[in-house]
Amino acid sequence: MNKFEIQLSGSGGQGVILAAIILADAAIKQGLNAVQTQSYGPEARGGASKAEVIISKEEIYFPKVTKANILLALTQNSYDKYIANLDKDGILIVDDHIETDGDIPGKVYILPILNNANKKFETRMVANIISIGAIYALLGEKVINKDIMINTIAERVPPVTVEKNIAAFKEGIKLIEGIYD
Amino acid sequence: MNKFEIQLSGSGGQGVILAAIILADAAIKQGLNAVQTQSYGPEARGGASKAEVIISKEEIYFPKVTKANILLALTQNSYDKYIANLDKDGILIVDDHIETDGDIPGKVYILPILNNANKKFETRMVANIISIGAIYALLGEKVINKDIMINTIAERVPPVTVEKNIAAFKEGIKLIEGIYD
Amino acid sequence: MNCNETTKNYYRVDKLPHIWCPGCGHGTLMNAVVRAVEKLQLNKDDLVIVSGIGCSSRAPGYLDFNTLHTTHGRALAFATGIKLANPKLHVIVITGDGDSSAIGGNHLIHAARRNIDITTIVFNNNIYGMTGGQYSPTTPYGDFATTSAYGNIDKPFDLCSLAQGAGSTYVGRATAYHVTLMQRLIEKAIQNKGFSFVEGLSICPTYYGRKNKKGDAFEMHSFYKNNCVDIRVVEKTPEKGENKILIGEFHNDPKPEYTESYQVIIDKFQGMGGN
Amino acid sequence: MNCNETTKNYYRVDKLPHIWCPGCGHGTLMNAVVRAVEKLQLNKDDLVIVSGIGCSSRAPGYLDFNTLHTTHGRALAFATGIKLANPKLHVIVITGDGDSSAIGGNHLIHAARRNIDITTIVFNNNIYGMTGGQYSPTTPYGDFATTSAYGNIDKPFDLCSLAQGAGSTYVGRATAYHVTLMQRLIEKAIQNKGFSFVEGLSICPTYYGRKNKKGDAFEMHSFYKNNCVDIRVVEKTPEKGENKILIGEFHNDPKPEYTESYQVIIDKFQGMGGN
Amino acid sequence: MAYKLVQGNEACVEGALAAGMRFFAGYPITPSTEIAEISSQKLPQYGGKFIQMEDEIASMAAIIGASLAGVKSMTATSGPGFSLMQENLGYAAITETPCVLVNVQRGGPSTGLPTLPAQGDIMQAKWGTHGDHPTVALTPNSVQEVYEYTIKAFNIAEKFRTPVILLMDETVGHLREKMLIKDPSEIEIINRKKPTCKPEEYIAFKSDDSIPPMAAFGEGYRYHVTGLIHDETGFPTNNSQIADNLIRRLVGKVENNIDDFSYYEEYKLEDAEIVILAFGGVSRSAKSAVDKLRSKDLKVGLFRPITMWPFLEKQISNIAQKVEEIFVAEMNLGQYYLEVDRVAGKYCRVEKINKVNGELITPDEIISVIGGKYELQRNN
Amino acid sequence: MAYKLVQGNEACVEGALAAGMRFFAGYPITPSTEIAEISSQKLPQYGGKFIQMEDEIASMAAIIGASLAGVKSMTATSGPGFSLMQENLGYAAITETPCVLVNVQRGGPSTGLPTLPAQGDIMQAKWGTHGDHPTVALTPNSVQEVYEYTIKAFNIAEKFRTPVILLMDETVGHLREKMLIKDPSEIEIINRKKPTCKPEEYIAFKSDDSIPPMAAFGEGYRYHVTGLIHDETGFPTNNSQIADNLIRRLVGKVENNIDDFSYYEEYKLEDAEIVILAFGGVSRSAKSAVDKLRSKDLKVGLFRPITMWPFLEKQISNIAQKVEEIFVAEMNLGQYYLEVDRVAGKYCRVEKINKVNGELITPDEIISVIGGKYELQRNN
Amino acid sequence: MASKKVLLQNINWCKGCGVCVGFCPKQVLKIEDDKCVIAYPDKCIFCKQCELRCPDNAIYIGGIDNGL
Amino acid sequence: MASKKVLLQNINWCKGCGVCVGFCPKQVLKIEDDKCVIAYPDKCIFCKQCELRCPDNAIYIGGIDNGL
Ligand SMILES: Cc1ncc(C[n+]2csc(CCOP(=O)(O)OP(=O)(O)O)c2C)c(N)n1
Ligand SMILES: Cc1ncc(C[n+]2csc(CCOP(=O)(O)OP(=O)(O)O)c2C)c(N)n1
Ligand code: SF4
Ligand code: SF4
Ligand code: SF4
Ligand code: SF4
Ligand code: SF4
Ligand code: SF4
Ligand SMILES: [Mg+2]
Ligand SMILES: [Mg+2]
């Protein structure tokens, strides 16, 4: 695949925008093209928050996700709102507290993201980075190099939280790999 | 003549605008068409002040005086500034303190307007109405009826000055007639 | 609807929950406004709430009166038109520190000067909340905001002094914590026939709080609880006011009201020269 | 040129006589500004005079400095940009009551609040002169103007209180009659490093005078002569202030100046992260 | 009824009072100031109110507020103030609040030539506020017309719930000429449609015929008004379908109803081969020019739009299909020309006659351009 | 130099700093706020200054003041603030004060859709202030271009002594994508021409080549600046000849030098029969659409004006003479369309593709209009 | 006529800000999953602090004579 | 070194407002034909009141040592 359209959604404070920025930044460091957008303003306050990344080998003109190849939903609200955007061959990643519909096209990964964040890292603040780990694992090393991912995370999160976030990233990878294990 | 273009000029406080309004108003009461305009703003403050009236049997489109059939100048300043506007067959009325050029086309009336205002009426404030008298006399009774003129003056000047102003009007007529006497 | 009677009677409950962040002080202050109106038993049809633009200025949308959400800073100018056009209406302006004293500062001082019968209530959170946390004319000296990363060098307005200096005939201040005082001040402000100004110190945990390490909503409330003192106390014992925020009723001095003065002119001249 | 040395040195004499009406107080007040500048021996190249729109705001055009005639009410906002861009410049704003306190009221209170080093001089003639005599925010209650044929029902601002309340660190008032006091206040205002405000009560015989039967220019001057009293006198003997217009130096309390505070930030952070 | 000598600005107030204006908020500015002054004097006599606000922004806001409270309202200004009113003009448009804004144009840009005439705000009248919005602007050319079209401006505002701009110029505003004040019985007055339903059934911005009925604050219909994109009930939304509907309805209610208020004058157009298109003060010169050019045997006619916006596309396109050339004469550098050229330029030549020096274009100037070109042509 | 992930609004600040901006005055407004925020953080690091003014009117005034004092200055805003800045924008034009005004467009009118993209201020950028005046407006469509054209905006402002508008839209302002920050040595920087004569010989607004050299306050050239019509020395006058000269020179210096800054992109235009004209965010969709329509064997190309104003009449007229139809796609109800139709409509068909619902026009929407029409045509 | 007071919630409106929790004198309330939870209803003394301070009108005292 | 003071006028700038006339303590001045006229130069005591108050800089005290 030459182009990935990724949509990350959750509630206001969950950091999905930062997650999207990290993905886009890493892609660029990888020498790819990437565009990142998000929804702003009152609707982003409190309610569902959405961030988008498109990663592509080619130049990206239209910067918005049309159909998501990967959709992340961290809350029921955001799942309900954005599930329709998922491409029919797309991949859905949802937190395991979310009730999903039966007839989702494509692959579905139901992961204990919030739970593990709380339990293993004692903060819900890393849920976004766990999610990145999962997305990274699904995209595969061929798309973005793991070290680039880790470096980008290290650059973009608050200095004191770098280690924890890198661990969270790895946790996300494991969540995907675990499924395959 | 079906159309009279009249330009009245003087210094800021001499009331040439009121004079123009009275002429226009009287013309309308007479059943004629009339438009009245003036120059506004800083240049009118202190410096030369100009008011225009066009009186016509027909509808008046362009509302500005192109070439004045009658030009009144009460100050040297205004004379200098506006003399070029006088039609070649036009009539010039100037106060007698003004130095005029030799080669003025048309008729010239050099009248003691300010002087008589001061002497006979003990106020320079009636110079404008004396001027109207002179203009009226030059236009002739056929253009605007004398009573209409007098009524209009009475309506437009401060109540306490009505009598004085009507006398001033008559003084203006006399100034013209005097010349013919 | 699952809520208390006051809410049921005075809110547009189908518009709730409001868009404000968790813990935002504006919600508490809006409740104080509603309780004051309830206490005074004002007819809902006769009450107009006008606001500008900002988080605070979203309040009218939730309230079941005649409500007007105008342009940023201009609420008082719109309100002036409403009040003059129909002096029988009670006109309350709900505004923010930015809305009322940055872009809207001129309308504030002129409405106050005219002493027109409008009650202005400022939800002052010391920041521009709606646009994401820039410093406002009430952000304290040295504080941080997205546009004062090096500490704010602007000196803050004392909004109550400004309003009083400009001519406001009723002036008071309370906080999101001192919500009962807030309610009482609003009641008296509405009753004052003239321009009334009530400042409600609000809290913005999301921006002002976070940028300045003020803790969560409860901590920010607690700050007001511990650092405010009523003007009457200070008038008696000035030491008690040191380094404290003054609250209470600062000024209550009725003067001829604008629309009433105008009515005098109309009564005298209506029909003369006119139709 | 046929005039005194001061005029020759500081005026653009080829632009004289100015457009003001016979007896207009603005001319006398403009002279006070010039004498203050002469007294302080300011370099003409370092002085910028900024104005808005109005009769008063025409002053800069006659003065041989860097001069800027801006849009109505905005002089202080322009001046703020000038001063911040080059703090070495002395910036003086000459403005009218309408220009500074009607349309420009907000810029006045904000420039004062910031305490930016600008000297603001208001030629207050209690009327909009330039547009032909409408009431202004300083027209006394009950007075007549072309838009208050039935007597003005707006209450007037006390401009000095307004400026001081907003944060001005130097405040004073004189009149077109008290022209030497005016000069002294302007001198001290320029010397104050911060926002300074000097109100010069002017006379407009053409509109305010005529509409309110105040007599000719000399009579209007005489009114100020007979009805003003210095604040120092009143401080000692309050009775002497009754029904009088207060003049003199009201406030002189230097505080950190805005461009200087900014320079501290630059000194600390320049080069960091930047080029 | 007898004719009276009236100034254009005064006629505007007379018209407004006749139309039912009972609130005026303004801030003085040459050459519109007389409108404020006369309003301040007359309104109390009619039980109405005048207020001099602190600036033009506040003036525009106040008249919107007053209109929402049920009172017909007006403000008047000139260039600089017109620029300042733009934000709230857009607010009046999106909230569908009837009101009348008079702009007596003077020379610009900026402070420009405060006392001299210009027509430099023609395009600003349509495009001065941000975002897509409806615009109605009328341009009278005589004192009598100022009176008549001020009344019409109020009627359009009320009927279509939209701000209406009366676009005068200094020439017309300061002109004194005769005017006939009509008997109230002869004047058509339109008032805003009021809701007849019960308050709980009132959907403030719902409409079947594109113009929702409007309740005044205080009449028992408690509703919400906002400058945000809103749904039929008046509450903000980011819903794209609703946003689209709202903007298209707002613009459409004016554009699609233009036949209701397409005002213009045609003078000697029947057999015209050359057309002068002019409006406001300049159209008076143009009319003189037509007569004089006719006397030189040139088939010249005048088309004078009184409704400036929306653009009289149909009429002008029709004319263009019948004539050789249209000369657009205006006191600016060619603003209305652009739309005329767009619509007419597909069928005939379109030329500009412009002047931006603070003087009214004279008949002779128009004659010299047209006469020069066509007499020469004929002689060749 | 490596690519960085940068937001459009951030790129604007980077470009401005590279161009030499050392003063920013602004008032926050979505979606432009980041420009103020980042400026406030970066300027002190460059020895420059940021001030948050009390409103947009003051912001525009302050940058003019700072520019007169010799410092390159910028402000940024969106719709409502843009409307408020109009009066002083005209002042910058008439006083020939270089400065840059960024408008990151959002949905309007009024408060509208504060967080959503639109291109509703295209005509306002040209006509928003009163009176005839020059306008330069540039519209970048990528983060890299925001950087580049912010620099160019400053250069044009300085070279021609005129305000320049950078007309972005929310799509571009909030977009993050890769950007290359150039080495200072690679960047062309133009600074205003300074007088070289003695102060007593300086005639502040006299010019032989239409752009007078500009002294800063404090440099020893004491001169007068006014928003009134003024003569070459800068002093007010009502003289009609001088007024005429001034306005025509101001407008002319921009209109006549357009070749100096005619920026645009042509994409697959060589053999195109159908042209999409689009700019800003929408042009990115248009480019996708061109590719996809080409794959359907329709000869479609893109013309993307980057210089929006003055209008690229020459280029668009040339294209119109070669193609069948131009589709003007914009996030408004058809604003730029009007000028395109005027110029191109004499040669080819001109159609609109519009959207005003707060969403970017998608490639599919363009495809469906054009594909729909032409595939159908072909099938018939 | 004695009323039976009861502590009520509108959980849809609650944003979990914790203001009520902080001000409750009897530790009746706690936050769980971003929402206020009435953990110890029996300890409630109906002092109405929570109702007074909740910015979201999401907690209040009801009762029979309140018409609920 | 004794200077010879002299009362001077710029009649072109004088607008005849009469302010100088009113404030002159010695009735040196009067208004004639809208201009200030130095009627009694000998009575002048060079107090400079006229110069100080003239809004138009149209009257002033000159003298040899003033470089005039
Ligand atoms: C003319 C204009 N300028 C700027 C904005 C952007 N804006 C919206 S709200 C706001 C600040 C609000 O601050 P405040 O009034 O303190 O309200 P808060 O959000 O803090 O409650 C600003 C700058 C706007 N909508 N309109
Ligand atoms: C935006 C704008 N509004 C209104 C005006 C018209 N105007 C020019 S000067 C003025 C009033 C000036 O009054 P003031 O500042 O008191 O000066 P004065 O003429 O009395 O000295 C007004 C309203 C303008 N030029 N610009
Ligand atoms: S941003 Fe601040 S003021 Fe706005 S809703 Fe959130 S907490 Fe309240
Ligand atoms: S109108 Fe008044 S303020 Fe203006 S110049 Fe004349 S006297 Fe002075
Ligand atoms: S105060 Fe209200 S919103 Fe906050 S946690 Fe308690 S019930 Fe929920
Ligand atoms: S009523 Fe009082 S005790 Fe009961 S939960 Fe609320 S705050 Fe606690
Ligand atoms: S004060 Fe000056 S202007 Fe007035 S009369 Fe005397 S000399 Fe002339
Ligand atoms: S100097 Fe004194 S005495 Fe002489 S004319 Fe002037 S005011 Fe009179
Ligand atoms: Mg705030
Ligand atoms: Mg004044």
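Residue numbers begin at 1 in each chain, while the letters A, B, ... track the order of the sequences.
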Is it the side chain or the backbone of E:Pro44 that comes within 4.5 Å of chain D heavy atoms, both, or neither? side chain
Backbone N/O of D:Tyr135 and side chain of E:Gln52: donor-acceptor pair under 3.5 Å: yes
Against chain E, residues from residues 62-80 of chain D with at least one heavy atom under 4.5 Å, in numeric order, are D:Thr70, D:Thr71, D:His72, D:Arg74
How close do E:Gln41 and D:Ala149 get, counting heavy atoms only, and between which atoms? CG-CB, 3.7 Å
Name the member of D:Ala102, D:Ala145, D:Gly98 that forms the most heavy-atom pairs with chain E at distances under 4.5 Å. D:Ala102
Just to be sure I understand the criterion: a residue of residues 27-39 of chain E counts if one of its heavy atoms is under 4.5 Å from a heavy atom of chain D. Which ones qualify? E:Tyr27, E:Pro28, E:Ile29, E:Thr30, E:Thr33, E:Ala36, E:Glu37
Are the side chain of E:Glu54 and the backbone N or O of D:Ser101 linked by a donor-acceptor pair below 3.5 Å? no
